[in-house]
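In this text, all values refer to a predicted model and were calculated from it rather than measured experimentally. Just so it is clear, the values below take in all heavy atoms, side chains as well, and ignore hydrogens, waters and symmetry mates.
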Amino acid sequence: MIKLKELIASPFYEIHHYLKQSKFTHYWLKGGRGSTKSSFISLEIILGMMKDSKANAVVLRKVGQTLQGSVYEQLQWAVEVLGVSDFWENKLSPLEMKYVADGHENKIVFRGADKPKKIKSTKFKSGYCKYVWYEEVDEFNGMEEIRTINQSLLRGGATFVVFYSYNPPQSQSNWVNEEVLQQSPNRLVHHSTYLDVPPEWLGEQFLIEAEHLKKVKPMAYLHEYMGEVTGTGGEVFSNVTIRQITDEEISHFYHIARGIDWGYAADPFHYTVNHYDKTRRKLYIYYEIHLLKLSNRKAAELVKAENKYNRMIICDSAEPKSIAEMYSYNLKVVGAKKGADSVEYGIKWLQDLEEIIIDPVRCPNTAREFIEYELEKDTNGNFKSHFPDKNNHSIDVVRYSRELDMRNVKVR
């Protein structure tokens, strides 16, 4: 049998060792065309099942009709290149593969999420579902659907491995692009491209096509071959970086501002704390309160817990009664000046910054809103010129908090 290292590209070596150590449960493998992520997954499932007599696998696509021409053939390829075809039996109706050596009856079954009842009824004669593979996971409806499936399959075993493979969609607001930003100790997110793969594996024509697209349509090349989230063209903020802001960084922040956007029922109360590095023109957003149906009294308590030295807070001036009430709780609150074109000017000031860094753990709602904020389209499919007034609570409150920095500053 051929050694696995001869069949996988070098960027996957580390993941292979993680799998041997059972270091993670969830492996999100993203990348462009020719990155060989699906080949790697298929090899790992075949070898993993041959080593573990209790291991079975469920392989999923959103639409069941696409299974045979994609993941089924991919796993058969893995069996062939590993030289173990004599130990595997294949069926087309229903689609399944069975490892039959040494009395084993490990199975790989294939399911489409368009028939959820078949997923829930998946049973194995022996062992448990150790491996789950979501191919083209971005085609699924979102994490709620994924979680429901996982809850049905990840039962009765000691260790599990769940693979999610996909080419990142263009828009950052797509659910899968947002999902991989969420940090979890039980998750690995990995990016690979065809440049990491030995050229002879891909063939000359593949490389010619890639280079041609790179020359004539560089953005399409970045998306299709490099697996980058290039955007749809309607993103308002192209300067956002989502990453952890460390306690060490925060300890050096000095130009800190705070703001409040009121809300109660349909809209959330949102409180922000951020630091502006004027020299480098970078904004760091590292604290938020984002809650529905929050009374002003309770909001004041939460704000005081963070704002221990009672620094100034710039608030939405549309609710003078709320400002007065918060003031009565001994908080230093003032209404935002706003004024004509203040929304457009404030957003353009934010767009003009070198970088807006948002901590996704400390400020998940702020990260989501900044990433998802896009121009709307008219009936002809063209982007409208004005900024939409929805799902922008954190954006508004950041604008309020930085009013003093915006004044007398010319936006480029």
Check R399 with E403, please: is the shortest side-chain N to carboxylate O separation under 4.0 Å?
no

Over all atoms of both residues, closest heavy-atom pair of S192 and H190
CB-CE1, 3.8 Å

Look at R33 together with E209 and state whether they make a salt bridge at an N to O cut-off of under 4.0 Å.
no

Looking only at heavy atoms, which two atoms of T366 and I285 are closest? And how far apart?
CG2-CG2, 3.9 Å

Given the rule in the side chain to side chain donor-acceptor pair (under 3.5 Å) test, do R147 and N150 qualify, once you have shown the distances and angles that lead to the verdict?
CA-CA 5 Å; R147 281 193 294 269; N150 283 344; over 6 Å; no

CA sep, side-chain torsions, deciding dist, call: H255, H275, side chain to side chain donor-acceptor pair (under 3.5 Å):
CA-CA 5 Å; H255 190 25; H275 161 71; over 6 Å; no

Atom CD of Q21: over 12 foreign heavy atoms under 6.0 Å
yes

Exceeds 12 heavy-atom contacts within 6.0 angstrom, atom NZ of K62
yes

Report the residue from D316, V334, I313, I260 that forms a side-chain contact (heavy atoms from CB on, under 4.5 Å) with Y400.
D316

Can a salt bridge be assigned to the pair E376 and K390 using a cut-off of 4.0 Å between side-chain N and carboxylate O?
yes

Non-hydrogen side-chain atoms of T272 and R258 separated by less than 4.5 Å:
no

Test: D114 and R61 ion pair at under 4.0 Å:
no

Could you go through the salt bridge (Lys or Arg N to Asp or Glu O under 4.0 Å) check for D52 and K130 one step at a time?
CA-CA 9 Å; D52 186 348; K130 180 177 182 177; 3.2 Å; yes

Check whether any side-chain heavy atom of S394 sits under 4.5 Å from a side-chain heavy atom of E288, and report yes or no.
no

Taking the side chain as every heavy atom from C-beta outward, state whether S184 and H26 have any atom pair closer than 4.5 Å.
no

Is E204 close to L207 at the side-chain level, that is, under 4.5 Å between some pair of heavy atoms?
no

Can the ring centres of Y286 and F253 be said to be less than 6.0 Å apart?
yes

Flag the pair Y271 / H290 as yes when their ring centroid distance falls below 6.0 Å, and as no otherwise.
no

Electrostatic pair E179:R187 at N-O distance under 4.0 angstrom
yes

In terms of side-chain geometry, is the basic nitrogen of E301 or K304 positioned less than 4.0 Å from the acidic oxygen of its partner?
no

What class does the angle between the rings of Y225 and F206 fall in, given that below 30° is parallel, 30 to 60° is tilted and above 60° is perpendicular?
perpendicular

Would you say CG of N382 has more than 12 non-hydrogen atoms from neighbouring residues, nucleotides or ligands within 6.0 angstrom?
yes

Can you check whether T193's main-chain N or O pairs, donor with acceptor, with D196's side chain at less than 3.5 Å?
yes

For the residue pair Y134 and F163, is the inter-centroid distance of their aromatic rings smaller than 6.0 Å?
no

One pair to check against side chain to side chain donor-acceptor pair (under 3.5 Å): E355 and T241. What are the steps and the verdict?
CA-CA 7 Å; E355 191 175 18; T241 298; 2.5 Å; yes

Counting C-beta onward and ignoring hydrogens, is there a side-chain heavy-atom pair between V137 and V176 closer than 4.5 Å?
yes

Lys/Arg-Asp/Glu bridge criterion (N-O < 4.0 Å) met for E354, K282:
no

Please find out if less than 6.0 Å separates the ring center of Y27 from that of Y18.
no

Any non-hydrogen side-chain atom of W133 less than 4.5 Å from a side-chain atom of L60?
no

Short side-chain to backbone donor-acceptor contact, E369 and H393, under 3.5 Å:
yes

Run the side chain to side chain donor-acceptor pair (under 3.5 Å) check on N274 and S401 step by step: do they pass?
CA-CA 8 Å; N274 56 75; S401 73; 3.1 Å; yes

Y166 six-ring centre to K30 NZ/CZ under 6.0 Å and within 45° of normal:
no

Would E249 and R243 pass as an ion pair if we require N to O under 4.0 Å?
yes

Between the main-chain N or O of F140 and the side-chain N or O of W175, is there a donor-acceptor pair closer than 3.5 Å?
yes

Check whether any side-chain heavy atom of L291 lies under 4.5 Å from a side-chain heavy atom of L302, and answer yes or no.
yes

Is I250 close to Y287 at the side-chain level, that is, under 4.5 Å between some pair of heavy atoms?
no

Is a side-chain donor or acceptor of H191 paired with a backbone partner of M226 at a separation under 3.5 angstrom?
yes

K118 NZ: over 12 foreign heavy atoms closer than 6.0 Å
no

